[in-house]
Amino acid sequence: MRVLIVGSGGREHALAWKLAGSPMLDQLFCAPGNPGTARVAKNIEVEAEDVKNITNWAIREQIDLVVVGPEIPLALGLADSLRLKGIKVFGPGKDGALLEGSKVWAKRQMKKWGIPTADFAVFDDFDEARHHLSRFYGGPVVIKADGLAAGKGVIVASGPAEAEQALYDILIEKAFGPAGDRVIIEQCLSGEEVSVLALCDGKDLIMLPSAQDHKAIGEKDSGPNTGGMGAYSPSPLYTAELDRKTREEVFLPLLEGFRNEKIDFRGVIYAGLMVSHNQFNVLEFNVRFGDPETQAILPRLKSDLLPLLTAAADGCFGEAKAEWFADPAVCIIMASEGYPGHYEKGFPISGIDQAEVAGDGKVSVFHAGTDLKDGQLVTAGGRVLGVTAWDKDLAGAVKYAYQAVGGIDFKGAYYRRDIAYRAL
Ligand code: AMP
Ligand code: GLY
């Protein structure tokens, strides 16, 4: 098969790394990819959000399957555009992508479909929204911009002043542009977060093992949220009972809801759960693989990934099955100093190959924000690398991962030293 992966982050490198080992694969491409994907695929110079040129390129190159990594091309209708031309796609159309692209739509559907989620109200008027804050009696409250905001559209406000500021920034100052034409004011939940992903062929599900993501920049989960500073799989919090409940109370109602709305969802659904004392709520749905969860989940997949994604894209899992290694895996993000705020780019990176060799076959370094400048690997983003390791237990995986991190160097490299601490 000739396969194209769309995207350029750590998630796409992990997908490329796993797909590259498939006996069904003839050639793998990545648009636009990064220097990491270039090790296992041929990068092509088309931006992930350029729907027209990706479609034309895929037709010309007779691509058998397109795997879409990020949410924006999905929200822009890349999957619809490709399907119209008869090209198989792993990733939902615009209709299914609304589940991530509009938080208002997603929350309303969750209520309608009986999926457990925090109470909420929707506003497009600043004064009305501000008045609503009094219902929270000065306590914490969550403000969410409706549309896609590069992971920055959710503000967990500790009290009314911070919440009002967020409402002002979103509704009046248009900090997220039209993505903030509407806001959600939501009850603040406490507990621990678990990410549960399921492949979907439009009718059926294959659930993947759970993962836990560290969103905060600082140790002990302090400071502002990032795209994710590390992840591990499985989550010890995610018991067999919770797995059963997630399937029955989240994914099956979602599938039925899709059926009723005539949404043919062929891709991956990511449910972000908040869990406390065996109670759980859905915080959000994404319509793509999580980043960095994917980097911690895919090394645990014993089966070939390509037939699974192809079957989902075909709309029929049939005999396709996923088998998993019991060994846990962990991914530690090495970021640029200053991230998630302002940071500089262009610093040379060294030590990756040696760190992988020293890792005894238990380490893989996934590129996220890297670039090649005159043959030298340099930093090119906030999250630079996802250093991933696996072992017979989580403590071992964490040890291997930090050993590898210790061998990699670039100016201002920042990483959390406590990834997976809750599970150890
Ligand atoms: P979302 O994009 O909806 O997942 O929100 C991003 C992050 O904000 C989540 O991963 C949580 O850490 C936090 N968050 C979202 N909704 C809530 C909520 N209702 N209560 C507490 N934290 C939340
Ligand atoms: N790691 C969180 C996300 O992918 O949205």
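Whatever order the structure lists ligands and atoms in, that order sets their numbers, starting from 1.
Thr226 places no side-chain N or O within 3.5 Å of a backbone atom of Ile217 that could act as its donor or acceptor partner. Glu12 places a side-chain N or O within 3.5 Å of a backbone atom of Gly9 that can act as its donor or acceptor partner. Proximity of a side-chain donor or acceptor of Glu219 to a complementary backbone N or O of Asp418 within less than 3.5 Å is not detected. No donor-acceptor pair closer than 3.5 Å links the side chain of Thr294 to the backbone N or O of Asp291. Looking at Glu71, its side chain never comes within 3.5 Å of a backbone N or O of Arg288 through a donor-acceptor pair.
A salt bridge does not link Asp327 to Lys362: none of the charged nitrogens lies less than 4.0 Å from a carboxylate oxygen.
Atoms of ligand 2 lying under 4.0 Å from any heavy atom of Asp213, numbered from 1 in the order shown and given with element: 1 (N), 2 (C). Near Gly290, meaning under 4.0 Å from any of its heavy atoms, are these atoms of ligand 2: 4 (O). Residue contact check: Asn286 has heavy atoms under 4.0 Å from atoms 5 (O) of ligand 2. Interface atoms of ligand 2 facing Glu293, defined by a heavy-atom separation under 4.0 Å, are 1 (N), 2 (C), 4 (O). Ligand-side atoms of ligand 1 in range of Lys144: 3 (O), 15 (C), 16 (N), range being under 4.0 angstrom from any heavy atom. Interface of Lys215 with ligand 1, defined as ligand atoms under 4.0 Å from a residue heavy atom, comprises 10 (O).
Of all protein heavy atoms, the one lying nearest to atom 12 (O) of ligand 1 is Glu193 OE2, 2.3 Å. Protein heavy atom nearest atom 19 (N) of ligand 1, with residue, atom name and distance: Glu186 OE2, 2.7 Å. Scanning the protein for heavy atoms near atom 4 (O) of ligand 1, the closest one is Glu284 CD, 2.6 Å. What sits closest to atom 17 (C) of ligand 1 on the protein, heavy atoms only, is Leu283 CD2, 3.4 Å.
Under 4.0 Å from ligand 1, the heavy atoms of Gln187 that appear belong solely to its backbone. Under 4.0 angstrom from ligand 1, the non-hydrogen atoms of Val154 all belong to its side chain.
Shown here is Arg135, whose CZ atom has no more than 12 heavy atoms of other residues, nucleotides or ligands within 6.0 Å. Counting heavy-atom neighbours within 6.0 Å of Lys215 NZ, excluding the residue itself, gives a total above 12.
For Gly227, the closest heavy-atom approach to ligand 2 falls below 4.0 Å. The shortest separation from a heavy atom of Phe289 to ligand 2 is not under 4.0 Å, leaving the residue out of contact. Remark: distances from the non-hydrogen atoms of Gly228 to ligand 2 are all 4.0 Å or more. In this structure, Cys188 is part of the shell of residues with a heavy atom less than 4.0 angstrom from ligand 1.
Between Phe366 and Trp17, a ring centre-to-centre spacing shorter than 6.0 Å is recorded.
Side-chain contact annotation: Glu337 with Tyr414, donor-acceptor N/O pair under 3.5 Å absent. With 3.5 Å as the limit, one finds no donor-acceptor pair spanning the side chains of Ser336 and Thr379.
Any N or O atom pair closer than 3.5 Å counts here, and Asn225 shares no such pair with ligand 1. At least one N or O atom of Leu189, backbone or side chain, sits closer than 3.5 Å to an N or O atom of ligand 1.
When the options Glu284, Lys215, Arg288 are ranked by their closest heavy atom to atom 3 (C) of ligand 2, first place goes to Arg288.
Residue Val122 is tested with Val104, Val183, Asp146 for a side-chain contact (heavy atoms from CB on, under 4.5 Å); the sole match is Val104.
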